[in-house]
Amino acid sequence: MVASFQGEDSPDTWFAIEKIDIQGKLQNTSQLELQQEFSPLLGQSLLGLSVKEALAVVLSSPWVEKAEVRKVWPNTLQVIVHEYIPLAYWRDGQIISASAVVISPSVLPDLPLPILYGPVDSSDVVLEQFGLISQVLASTSLRIAKLTLEPRGAWQIVFGNGLAVKLGRDDILERLQRFIAVYKSDLSGRIEQITSVDARYPHGVAVGWKKKN
């Protein structure tokens, strides 16, 4: 009876995927982008397609961290998407997620995120240092705009107010705390007059001042 109802088509075409139903809270990608990325699943048979195969296609999308795939008979594949949560920009054109995964979206979202920069394979180190520095800064008004690990191991911070501070390679948090003490007592009201701050000293910081006209 089924064969008669379906005509001469093979069983694979009876349950060919005609629709991909995407669900989930999307903030950094769109239904259209995901439909295009999942399009290789269209036309495949729900009978022959394994959930593992479908998940492999779904998880290849840069923004998809986790997903659930369900077959909805006769011709729909339902995909529930959980996006990565962006934490910071990484190097040029990448993002580090809140779960410490580096992703490479085709288009970078315009978000108020700090920029982390370092050698190619240093994302874990830079992210760990970012977390430690953020804890030290929690009691201040200073926030990281850019944190850089240079190839030779030296660190530099640019704060949201534009102030750049060199921290060097060693005792980073101690040097940062010394800078904070000087910043609170003497520098916070004179940011526009400062050209540079070097905290690579054992007992203080060196401040470069703009020349007075």
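All values below come from the heavy atoms of this structure, side chains included, with hydrogens, waters and symmetry mates left out.
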Can you name the closest pair of heavy atoms from [X] and [Y] and give their distance?
X    : Y    : value
P74  : L46  : O-CD1, 3.3 Å
L167 : A199 : CD2-CB, 4.0 Å
I95  : P105 : CD1-CG, 4.5 Å
I103 : P62  : CG2-O, 3.6 Å
P151 : P119 : CA-CG, 4.3 Å
V69  : A54  : CG1-CB, 3.8 Å

Distance (rounded to the nearest 0.5 Å) between [X] [atom1] and [Y] [atom2]:
X    : Y    : atom1 : atom2 : answer
T195 : L163 : OG1   : CG    : 9.5 Å
T29  : I22  : OG1   : CD1   : 8.5 Å
K71  : F15  : NZ    : CZ    : 11.0 Å
L116 : L127 : CG    : CG    : 6.5 Å
K66  : L55  : NZ    : CG    : 12.5 Å
I133 : I144 : CD1   : CD1   : 5.0 Å

Keeping [X] on the side-chain end and [Y] on the backbone end, is there a donor-acceptor pair under 3.5 Å?
X    : Y    : answer
S122 : V125 : no
N75  : W14  : yes
S61  : V58  : no
Q23  : Q78  : no
Y89  : L111 : yes
Q35  : I20  : yes
R175 : V205 : no
R143 : T140 : yes
R91  : S123 : no

Please answer: with hydrophobic residues joined when any side-chain heavy atoms are less than 4.5 Å apart, are [X] and [Y] in the same cluster?
X    : Y    : answer
L77  : V51  : yes
L42  : V57  : yes
V72  : V79  : no
I115 : I157 : no
L173 : L142 : yes

Kindly indicate whether the side chain of [X], heavy atoms from C-beta on, has any atom under 4.5 Å from the side chain of [Y].
X    : Y    : value
Y84  : V102 : no
L34  : V64  : yes
S141 : F159 : no
R169 : E150 : no
P86  : L113 : yes
Q129 : I172 : yes
V136 : F179 : no
W73  : L47  : yes

Is there a side chain to side chain contact (heavy atoms under 4.5 Å, CB included) between W63 and L26? Walk through the geometry before answering. CA-CA 9 Å; W63 279 109; L26 303 180; over 6 Å; no

Does CD in E128 sit with more than 12 non-hydrogen atoms of other residues, nucleotides or ligands closer than 6.0 Å? no

Within a radius of less than 6.0 Å around CD1 of I85, do more than 12 heavy atoms belonging to other residues, nucleotides or ligands occur? no

W209 vs R190, test: side chain to side chain contact (heavy atoms under 4.5 Å, CB included). Steps then yes/no. CA-CA 10 Å; W209 299 95; R190 299 192 286 172; 3.5 Å; yes

Do S97 and E65 pair up side chain to side chain, a donor and an acceptor below 3.5 Å, judged on atom types alone?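 No - no donor-acceptor pair under 3.5 Å links their side chains.
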
Could you go through the side chain to side chain contact (heavy atoms under 4.5 Å, CB included) check for E68 and H82 one step at a time? CA-CA 9 Å; E68 302 165 46; H82 303 273; 3.4 Å; yes

